[in-house]
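Quick note: numbers below take in every heavy atom, side chains included, and nothing from hydrogens, waters or symmetry partners. Order of the sequence lines fixes the chain letters, A, B, ..., with proteins taken first and strands second; residue numbering starts at 1 for each chain.
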Amino acid sequence: MNIGILAVQGAFAEHSECISKLGAEPVLIRNTGDIHNIDGLILPGGESTVQHRLLNETGLFQPLREMISNGLPVLATCAGMIILAQHICGGEEPCFGLLPVSVCRNAYGRQLGSFSTVGNIGSISDFPMRFIRAPYVERVCSDNVRILNITDDRITAVRYKSITALAFHPELTDDLRIHREFLDTVGKSC
Amino acid sequence: MEKNRYELNKELARMLKGGVIMDVTTPEQARIAEASGACAVMALERIPADIRAAGGVARMSDPAMIKEIQDSVSIPVMAKCRIGHTIEARILEAIEIDYIDESEVLSPADDVYHVDKTQFSVPFVCGAKDIGEALRRISEGAAMIRTKGEPGTGDVVQAVRHMRTMQKQISHIVSLREDELYEEAKELRVPTDLVKYVHDNGKLPVVNFAAGGIATPADAALMMSLGAEGVFVGSGIFSSGDPEKRAAAIVRATADWQNYPLIAEVSENLGKAMVGINADEIALLMAERGK
């Protein structure tokens, strides 16, 4: 099973390690030559403005958007959630715009607002959640969006069709349950 | 500082990986940097090349100017305090800076002690030219390391030297027997547990960027090939002919540093590079500050 990981900027190496540990094949995506034969896609944390820009400049934007629209399973963390969102607070131009939610960037403020906690993510219980200058979902714009976690009255994890989007960073922990669940989804859709 | 806060601070640095951090002196430059793909900006009053030219004492920037830059971009904003200047660092923490650079580019305020960074909630990045300096800064609480290079010169030779030295020393520590780590720690004047971390993991316990003298997309890719996890570009961008284009080109070269046709393409027609000074011809070696 080949899992593409967008590797233009950010914490892609951490995701790659998780995928390897679970016995699947990570494929780092830097340009359009890297996207053939991927069964799933991870959009990692990092700076979403940088990633958005590089998606356009590398020509990855169109083909990846098409693949996601056609049902390619996606796991998005932090910046990845912003990259997928249909709306960004403040009226900023969305990137893929394929996830019908409205997302606020740096929603907890500057680095001093970063925090960690433990919560249930859908059927996964007591998962360590690390929020780094994190976004959150301000509003869900479709009945088909399933909310997987609410922390302090804020939506931090959602699922929509084959997309799972998280405001926090499972790849920074030793807990592989979210990645394993994602690989199960990919396995079923193959 | 509580352990969890330090972990979150190290993790923020991991989000910057593969990216370019750019020196900016105005909100306008900060917006250009963000639009060109910077993953963070360093707010300062003068770029290192101008600090070098002007001479005199270089201090922390005006907090009002830093705040204006914070208000103008969504990416993280860093700012520099003088080595050992705990109060400048406290001021930067008070205005909720995302990262403090305790920097040799400014005039040192203390020629013996660095800031005790474990007492702060905001993260620090510090310069290092070898593994001993890097681990000493980490034991003082730094959450990110960068090479010192020789700032404000546009000459990459020192950054290359520092990165190569660090990688060579890491390989050396990895090759040691467990019972030899104590002596190594003693020689490096660093805590044994940090040497043990390097021995077990083959890398520093924090993210390691390249800085100092990087002026072209090729320079940035060179530093990535030597093991840097991202780059700082100081004077190289806003003292060049076409800052916007050069900034974007350096971002692309850093992101895809093994794609040589791409680096060739983005290196075309960038306009005048910063003039640069040969690092061997300068009287003031900033890298020798704060060991």
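- Most heavy-atom pairs under 4.5 Å with chain B: of the set A:Arg30, A:Arg110, A:Glu57, this distinction falls to A:Arg110.
- Listed here is the closest heavy atom pair of B:Asp98 and A:Gln111: OD1-N, 2.9 Å.
- Residue contact with chain B, scored on non-hydrogen atoms closer than 4.5 Å, is absent for A:Ser48.
- Across every non-hydrogen atom of A:Val8 and B:Ala255, the tightest pair is O-CB, 3.2 Å.
- In this structure, the side chain of A:Gln9 engages the main chain of B:Leu16 through a donor-acceptor pair within 3.5 Å.
- For the pair A:Arg53 (side chain) and B:Ala35 (backbone), a donor-acceptor distance under 3.5 Å is present.
- Taking the side chain as every heavy atom from C-beta outward, B:Met15 and A:Leu172 approach each other to under 4.5 Å.
- Using a 4.5 Å cut-off on side-chain heavy atoms (C-beta onward), A:Ile132 and B:Arg14 make no contact.
- Annotation for A:Leu112 and B:Ser121: closest pair CD2-CB, 3.5 Å, computed over non-hydrogen atoms.
- Contact count against chain B (heavy-atom pairs under 4.5 Å) is highest for A:Glu47 among A:Arg105, A:His52, A:Glu47.
- Here the side chain of B:Asp256 pairs no donor or acceptor atom with the backbone of A:Asn31 at under 3.5 angstrom.
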B:Glu11 and A:Ser114: side chain to side chain contact (heavy atoms under 4.5 Å, CB included), yes or no, with the steps? CA-CA 10 Å; B:Glu11 286 162 5; A:Ser114 293; over 6 Å; no
Going through the distances and angles, do B:Lys17 and A:Glu14 end up as a salt bridge (Lys or Arg N to Asp or Glu O under 4.0 Å)? CA-CA 11 Å; B:Lys17 283 192 297 181; A:Glu14 287 78 356; 2.7 Å; yes
